[in-house]
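To start, the structure under review is shown below, and the notes come after it.
As the structure is a prediction and not an experimental result, all values here were calculated from the model.
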Amino acid sequence: MDGAETIIVADDHPVFRDGLGSLIQAQNPAATVHTCDTFSDALALARSLPSPPSLFVLDLFFHRKSIKSELADLRREFRRAAIVVVTMSDDTATIDGVMAAGVNGFISKSAPPQQISAAVAAVRAGEIVVPSPASGRARAGGMSTTLSERQLEVLQLIAQGKTNKEIAQHLSLSPFTVRLHVSAMFRSLGVTTRAAAVTKGVSDGIL
């Protein structure tokens, strides 16, 4: 990515917003990082730029109102941008709904700075990043990894290097449905990236 790259960070909590903006700026010194306190300001800024932003990092709630219903439109308008949602809400329904809208990454605000930084870097490298709530605790009690037949098919295709679009074509599914399967599979394996999913699949003997 070149020096003209623009990143937009939007969050209505000023301390978190400024900290996140500084973290991303330090990670990407050549980029111009803009911070906004509302989603509408972020959208207006993105539309006013001479070149579309490469990355949006967005809170899911602004003044207690969710932007989940607006994420699919954001994805359609800015097809080449990566979109990351950073929020305290990490229940399964919220994660699946957000990822189905075409988001590239879902990060918990409770994660330490280095983990947030690593997750953003993974998204920028082309990974899909989702949290794995409770999955690690379940395996800690001795439970083995269990994937549905569809999740296993998706994992096998990921291991072959196929993209979500290619997986969708291969399985005759929509890309959004594939994202849901990938998200659920990540949680089952207790991982947050495609590479980690393949590694875990091999180590667990399911690949």
task: I would like to know whether Gln160 and His170 meet side chain to side chain contact (heavy atoms under 4.5 Å, CB included); could you show each step before the answer?
output: CA-CA 12 Å; Gln160 294 171 22; His170 184 85; over 6 Å; no
Do [X] and [Y] sit in the same hydrophobic cluster, where Ile, Leu, Val, Met, Phe, Trp and Tyr count as joined when their side-chain heavy atoms come under 4.5 Å apart?
X	Y	result
Phe186	Leu180	no
Ile107	Ile83	no
Ile128	Ile116	no
Phe16	Phe106	no
Val85	Ile7	no

query: Is it the case that more than 12 heavy atoms not belonging to Glu149 sit under 6.0 Å from its CD atom?
result: no
- request: Quick one: do Val120 and Leu55 satisfy side chain to side chain contact (heavy atoms under 4.5 Å, CB included)? Show the steps, please.
  value: CA-CA 9 Å; Val120 171; Leu55 173 67; 4.0 Å; yes
Do any N or O atoms from the side chain of [X] and from the backbone of [Y] form a donor-acceptor pair under 3.5 angstrom?
X	Y	result
Glu166	Thr163	yes
Gln25	Asn28	yes
Ser117	Gln114	no

Between [atom1] of [X] and [atom2] of [Y], what distance do you get to the nearest 0.5 Å?
X	Y	atom1	atom2	result
Asp12	Phe61	CG	CZ	11.0 Å
Glu127	Thr193	CD	OG1	4.5 Å
Asp91	Asp96	CG	CG	9.0 Å
Asp11	Phe62	CG	CZ	6.0 Å
Arg47	Glu77	CZ	CD	4.0 Å
Phe78	Leu43	CZ	CG	6.0 Å

- prompt: So, Ser183 and Arg187: side-chain donor and acceptor under 3.5 Å apart, yes or no?
  reply: yes
Looking only at heavy atoms, which two atoms of [X] and [Y] are closest? And how far apart?
X	Y	answer
Arg80	Arg75	N-NH1, 4.5 Å
Ser89	Thr94	O-CG2, 4.0 Å
Lys109	His13	NZ-ND1, 3.7 Å
Leu45	Cys36	CD2-SG, 3.9 Å
Val123	Ala82	CG1-CB, 3.7 Å
Ala42	Ala10	CB-CB, 3.8 Å

field: Contact check, side chains of Leu74 and Ile67, non-hydrogen atoms, under 4.5 Å
entry: no
message: Quick one, Asn104 and Arg179 - any side-chain contact, counting heavy atoms below 4.5 Å?
response: yes
- prompt: What's the verdict on side chain to side chain contact (heavy atoms under 4.5 Å, CB included) for Ser54 and Arg124, showing C-alpha distance, side-chain angles and the deciding distance?
  reply: CA-CA 9 Å; Ser54 63; Arg124 286 168 55 75; 4.0 Å; yes
Identified side chain to side chain contact (heavy atoms under 4.5 Å, CB included) partner of Leu58 from the options Val84, Leu71, Val86, Val103: Leu71
message: Checking Arg194 against Asn164 for the side chain to side chain contact (heavy atoms under 4.5 Å, CB included) test, could you report, in this order, the C-alpha distance in whole Å, the side-chain angles of both residues, the deciding distance, and whether it holds?
response: CA-CA 11 Å; Arg194 296 162 76 91; Asn164 279 7; 2.7 Å; yes
query: If you measure from the Lys or Arg side-chain nitrogens to the Asp or Glu carboxylate oxygens, is any gap between Asp59 and Arg17 under 4.0 Å?
result: no
